[in-house]
Each structure stands twice: as structure tokens, then as C-alpha cells.
Asker: 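Please read through the structure below; I'll follow up with questions.
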Amino acid sequence: MANNHKSSATDLNENKKTKTYLEILGDTILPNQLLFAVLLSIGISLGGYNIGLWLLPSIASESMVASYSLLIGILGSVISLVLCSILFKPKRILVEEETSSESMRQVFEDLQLDPLEELELIENDPITKKELEDFGVLNSFLALREEQKK
Amino acid sequence: MSLLVTAILFALLGAIVFSLIGLISGTDETAIMVPLTLLVILLGAPPAAVFSFFMAAVLAKHLTHAVPTALMGIPGDTTAVPLIDHANTLRRMGMPHIALRKMISGGIIGAFIALPTAVLLGQFLGQFAEFFKSSTGIIFTLAAILIAFFSKGKWVSVLMIIPFAFFIKSLDLVSFSILDKHLSISFFLGIAIGPIFCDLLFATSSSAKKTIERDKPKEYHLAPETKTWKGYFPNPLKILTGRQQIFTSITTFISSLTFVFSPVGMTSLMGEIVGSRTKGAYKKSTTSLAVMNGVTESTYIAEVIIPLIAFGIPLSPVALGPGSPLFNAPPVFTVDPINNLHTYLTSWEFFLYGAIGLIVASLIAYPFSMNYARKASVLVMKLVSQEAIVAMFIGLACLLAFHEAQLVGIVLTFTVAAVGGLLNRILGIGAGVQFMIFYASTWIMMTLFGI
């Protein structure tokens, strides 16, 4: 596997102490930053809503005050999304793989399948073969035979 | 005419917002669909536009959540879990983009087959609607038992029906004595954001914290894109082989009719049936992916449309989860008495505004995920932090709860979220079961204690 590790996490140095991250909904976060982000988000959205309730009755018709205030509140939470993303950078490591295929043979071994059988099926199925050719991946399948010979 | 334009605009809104949300992997369907749909309803969008919004949102989200599933091997959300094996096979062979294209082409076909099928079936079942409407209490209770039994927790979910109903009713009485009105959105939100809130509770508990502590940031592996592609709007039919088109059409038609089963269950079942009849790893994976994503889409759409047209009460897993605001979003929509999309739209209108939603979503999300999948997901992953996402949803929940009942609403929402979230995460009593118990609680408590 020729992985080219490009880290997108900015604060890896903070990571000297172990177990600093928490996994929330399948992704890692820093607890203090999350706390601030949540407070900020609640503050802005509820703040926006209440300002709307207080300010709007003098400009908008009475029946629309609640709806408009809600809209300001939503706008607030969208602003908080942007603000929090700027303040708190993502803690993920994104590894962009330059060459994707592990050895095709390895994949077949793991799946406990016979590569030659797969190849035979492809050869005998003009539709699939044409499709693989169109997608430009037929060669990686044909390479299986070469590998098998070795 | 102007209603048509409004519907198209709301569909556009749904398609754009949910195309972006779909790129964020691991998002919980219910936790995201419910608050945003509620917002649209409470803001006063006309019922037809609400429906177009929802349909566009569902399709757009499913088309773009195929991106993390195919390119990173992480399920876009729970409905994508059964597809992971096949997607991984193709990803490891170096063809994640083919997996992606097969998936979203299957999804498009599934959506457009499901809409007319579901409308017709819904209209047919509508003959029995009077019976359903007159006995909602007992139907909800029986459905709660059934859904509980088929939930992840199985027996514990059945056991917890009466205690959870008791819990809901108690909170209802307390909040009623403070505010002199019955709350509903706050309960709803609590159940929906339960899983997120449960993780946050874990983070603040010094004993439970250990289970979610990590010593390094999560690593995502993104496969490269091989550009073998011309044009902007590819024909979904040309991406699939003839055999795949036939299989996808048949299975999505069948799954449009089975609206009471879970989409994940139907997806696994249909994928297995078709996969076992297909030889060769490449062919098997691509065919299964097209079929499975198609089935997810069609089950999902049918599960919302059929109960909406036929009964007006949420009698399917999707209607109880992500689709629940379409049935119940007081003061605009209510279930008891039935006053929701069921009452406002005719079958023909369901078809028309559903089609608007699906077409708009296809025009936006389909070429988007075909052409820019990789670039967009890199951008989202590098720019938008998980902190911001979690914070935004907690903020939205507070906002909606406050809108319904000020501080009482917020406290109630987070009380329900704490209990519901822990029951959900630890015992496997899913959000659908909890929603059903919520609906059934009035009848259960009335029957048991006369209140």
C-alpha cells in the first residue's frame, strides 16, 4: 500500500497527552472546544430568536412575529455553524490515497475467491467486459492473470 | 400557479441543504430530518411545499450519502450500512467511483418507481382508513409492541413500553400544570436528538467517558478519483447494464409495497436475493449496490407516502422517524384529531408535489455527486468541524423547544433526550419505538389508570 499521508488536523502537537479526544457521533472532538461551540450556538440562536420577539412587533404584523423570530434563530444557528468551523478546526486526519488498488490479488484472497474464475466470467460476459473497458479498469483485471502466472 | 413555484423553491432548498448534509458521514437520519422539517412546517410553508421539500431532501441526502459510503467505506448513515461490504470490495479493487455511480443510478430509478406505486397503493388502502382513524389508540399500542419486538433491543423494548409511556405521561402532566397546554414538539425533539445528547452525557461523566475516549483523531481514507467521464448530466440508465436495470426495477417495485418493514431490513433482504443470483465479484458487487440503494430509496419514499395518503397516522418505521413531522407538528399538523398532509392534499397532489421534489433533487444532487463527489467531500471534511455540527443541532433543538414552550420546553426536551438517548444507545430501544410509545402513551395510561 502506497499511502501518502497528508494530515489535515492542525493541532497534532497538542496530542502529546494521550486520550485527549472524545468520539461524538462517530467523529473525534476536543471536549473544551465542543463545550464552547455548544454554548455559542445556543447563545446565538436563542439570542436571535428573542431579539426577534422583542424587536419585530413594532415592524411586522402580529401573526408573523413568531415565524420571523424563528427564522432569525435559524439564521443564528447557521452563523454559529460557520463561526464554530472557523474557530475550531476539524480534528480528523484525511488520508488521500494516491494509488487506490491494493494488489487486486490480495483483495481476491481476502474474499476467498478465485481470480481466474472471475476473469473467466468477465471474458465470457461481453456486457460486463465492455463496461469495464468503458470505465477504463479492464486492465487491472487482466493484470490478475499476469500476477497469477508469477 | 404560485403554489407550484413555492413548491419548487422549497424543493430547491431541501435539495441543496441535504446534498451538503449527505456528505457528512455518520449523520443520524432522524436527528437531522426532524428538526429541519419541523422548521419548514412551523415557518408556515404551505403543505404542498412541505411535501416537495421533504421528498427533495430525502432523495438528495441519499444520493450524496453514497459519497462517504463509496469513497471512504463509512456508511453515510444507518440506511447505508448494508451496502458497506460491496462498496468496500469495489473500493479495494480501486473502483470506488464505479460503486458510487451504480449506487446513485439505482437510487434514482428506485425513487421514480416508488412514487407512483406508493401513491396508488396508498389510495387503495385508503378505503380502510375509517377503521384505522376510529381506533388510533389501540393501533398505536399494538404497533408499538410490534415495532419494539423487531427493534435492536427486542424484548427490552417490549418490556419498557409501559414504563416509558408512564414517563412520557408524567412529564406531560408536569408541563401541563405549568403551562396549561400539552406539549408535543419538545417530546419529539427529545427523542430525535437522544443519540447525540447521549454521547454528550458520556463526555461529561467521569465513569462513562472512558468508552468514548480516543488518543488520536479519527482517520479517514479517501480513495482517488479516476476521471473516466464525459458530460455533465449522465443518463442513469446507461450507467447500469440491462440486467441491473431489470433487477433494480423489480426489487424497487416490490419494496414500494412492503411499507411496514424497516428500509434497512428490506435493503439487506433484496440485496441478498439478487446478489446470490449473480456470479463474479465485480458483477455481484455492482449489481447488489444498484439494487440495494434503489430499494433503500423506494422503501423510504413508500413508507412516507402510503401512510400519509391512506391513514394520516404514522404507521411505518420511516413515518415514525424522519417523516414524523409530516404527520405531527402542532399547532400546524396533528395526529389526534388527524389534521396533516393527509387532510390537505389529494392523491394526485401527493403525486405532483412528490414528483416536483424528486425531479428537483435529481437535477441538483445527481450531477453534483456524479461530477464533484470527491472535491466536495474533501472540502466538507477539511472545513466543517464535528464540534460545529453537533453544536448546531443542539442549538436548533433548543430553539425549537423554546419556540414551543420557553424554558419548560428546553428542560423537557433534554430530559426526554437523556432518558431516550440512553435507552436507545445502551439498550437498543430505537427512536421509532420511542415515537410509537409517545403516540400510544395517552391510550395506555387511559386504559391502565383512567387518566
Side-chain angles (χ1 to χ4, degrees), chain A residues 8-9 15 18-29 31 33-34 37-38 40-42 44-46 49 66-67 70-71 73-74 77 80-81 84-85 88-102 104 107-108 111 113 118 121-122 125 127-128 131-132 135-137 140, chain B residues 25-28 39 42-44 74 89 91-98 195-196 199-200 202-203 209 212-224 226 228 241-243 279-283 286 378 381-392 394-396 398-400 402-403:
Chain A
S8 69
N15 195 16
T18 50
K19 311 266 183 199
T20 34
Y21 296 94
L22 295 180
E23 188 171 325
I24 306 279
L25 273 189
D27 203 350
T28 41
I29 54 98
Q33 296 193 355
L34 180 66
V38 168
L40 195 73
S41 173
I42 295 177
I44 298 181
S45 49
L46 278 187
Y49 180 76
S67 295
L70 198 56
L71 207 58
I74 299 162
S77 47
S80 90
L81 179 76
C84 291
S85 283
F88 313 118
K89 293 288 171 235
K91 313 317 165 277
R92 349 182 144 91
I93 300 179
L94 193 60
V95 183
E96 298 186 42
E97 288 164 4
E98 298 292 323
T99 53
S100 67
S101 42
E102 309 166 34
M104 192 72 108
V107 179
F108 277 92
L111 292 170
L113 291 170
E118 173 82 13
L121 281 167
I122 293 172
D125 182 351
I127 299 174
T128 309
E131 180 179 289
L132 285 167
F135 282 132
V137 287
S140 40
Chain B
S25 56
T27 44
D28 184 83
L39 280 175
L42 295 179
L43 282 172
I74 304 164
T89 305
R91 189 173 59 92
R92 292 185 61 193
M93 287 179 176
M95 307 172 226
H97 48 297
I98 296 181
I196 300 186
D199 277 354
L200 293 180
F202 273 30
K209 202 173 172 181
I212 56 165
E213 275 178 338
R214 303 286 180 269
D215 49 12
K216 59 180 193 327
K218 188 151 181 157
E219 221 175 84
Y220 291 89
H221 293 262
L222 192 61
T226 341
T228 51
T241 63
R243 191 169 171 276
K279 276 191 184 139
Y282 171 81
K283 229 170 123 180
T286 46
V378 169
M381 296 203 60
K382 283 195 171 159
L383 292 181
V384 185
S385 59
Q386 184 77 351
E387 282 90 341
I389 297 167
V390 172
M392 184 180 80
I394 297 291
L396 274 181
C398 282
L399 177 69
L400 285 167
F402 191 87
H403 180 68

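Labels below follow one simple rule: chain letters A, B, ... track the order of the sequence lines, proteins then strands, and each chain is numbered from 1. We use all heavy atoms of the structure for the numbers below, so side chains are in, but hydrogens, waters and symmetry mates are not. None of the values given here were measured: they were computed from a predicted structure.
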Asker: Compare every heavy atom of A203(B) with every heavy atom of I24(A), then report the nearest pair and how far apart it is.
Answerer: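 That would be CD1-CB, 4.3 Å.
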Asker: When rounded to the nearest 0.5 angstrom, what is the spacing between CG in L400(B) and OG in S77(A)?
Answerer: 8.5 Å
Asker: With only heavy atoms counted, which part of I98(B) is less than 4.5 Å from chain A, the side chain, the backbone, both or neither?
Answerer: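 Side chain only.
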Asker: Looking only at heavy atoms, what is the nearest atom pair of E387(B) and K89(A), with distance?
Answerer: OE1-O, 4.5 Å
Asker: Highest number of heavy-atom pairs under 4.5 Å with chain A: which of K218(B), M392(B), R243(B)?
Answerer: K218(B)
Asker: Determine, step by step, whether L200(B) and L34(A) satisfy the side chain to side chain contact (heavy atoms under 4.5 Å, CB included) criterion, reporting the C-alpha distance in whole Å, the side-chain angles of both residues, the deciding distance to 0.1 Å, and the verdict.
Answerer: CA-CA 9 Å; L200(B) 293 180; L34(A) 180 66; 3.3 Å; yes
Asker: Answer yes or no: is there a side-chain heavy-atom contact under 4.5 Å between Q386(B) and T28(A)?
Answerer: no
Asker: What part of Y282(B) gets within 4.5 angstrom of chain A, counting heavy atoms only: side chain, backbone, both, or neither?
Answerer: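 It is both, since atoms from each part get that close.
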Asker: Once rounded to the nearest 0.5 Å, what's the spacing between atom CG of L81(A) and atom CG of L396(B)?
Answerer: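 Separation between the atoms: 9.5 Å.
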Asker: Evaluate S85(A) against L383(B) for side chain to side chain contact (heavy atoms under 4.5 Å, CB included), listing each step before the verdict.
Answerer: CA-CA 7 Å; S85(A) 283; L383(B) 292 181; 5.9 Å; no
Asker: Nearest heavy-atom pair of C398(B) and I42(A): which atoms, and what distance?
Answerer: SG-CD1, 3.7 Å
Asker: If you look at every heavy atom in L399(B) and L46(A), which pair is closest and at what distance?
Answerer: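 Closest approach of L399(B) to L46(A), heavy atoms only: CA-CD2, 4.0 Å.
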Asker: Do L71(A) and L43(B) make a side-chain contact, defined as non-hydrogen atoms from C-beta onward lying under 4.5 Å apart?
Answerer: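 Sidechains of L43(B) and L71(A): in contact.
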Asker: Which pair of heavy atoms, one from M381(B) and one from R92(A), lies closest together, and at what distance?
Answerer: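 Of all heavy-atom pairs spanning M381(B) and R92(A), the closest is O-NH1, 2.7 Å.
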Asker: Roughly how far, to the nearest 0.5 Å, is the CD1 atom of I74(A) from the CG atom of L39(B)?
Answerer: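 Result: 4.0 Å between the selected atoms.
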Asker: With respect to K283(B), which candidate in L121(A), D125(A), I122(A) satisfies the side chain to side chain contact (heavy atoms under 4.5 Å, CB included) definition?
Answerer: D125(A)
Asker: Looking at every non-hydrogen atom in both residues, tell me the closest pair between A391(B) and S41(A) and how far apart they are.
Answerer: O-OG, 2.8 Å
Asker: Looking at CD of E213(B) and OG1 of T20(A), how far apart are the two atoms once the value is rounded to the nearest 0.5 Å?
Answerer: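 One finds 9.0 Å between CD of E213(B) and OG1 of T20(A).
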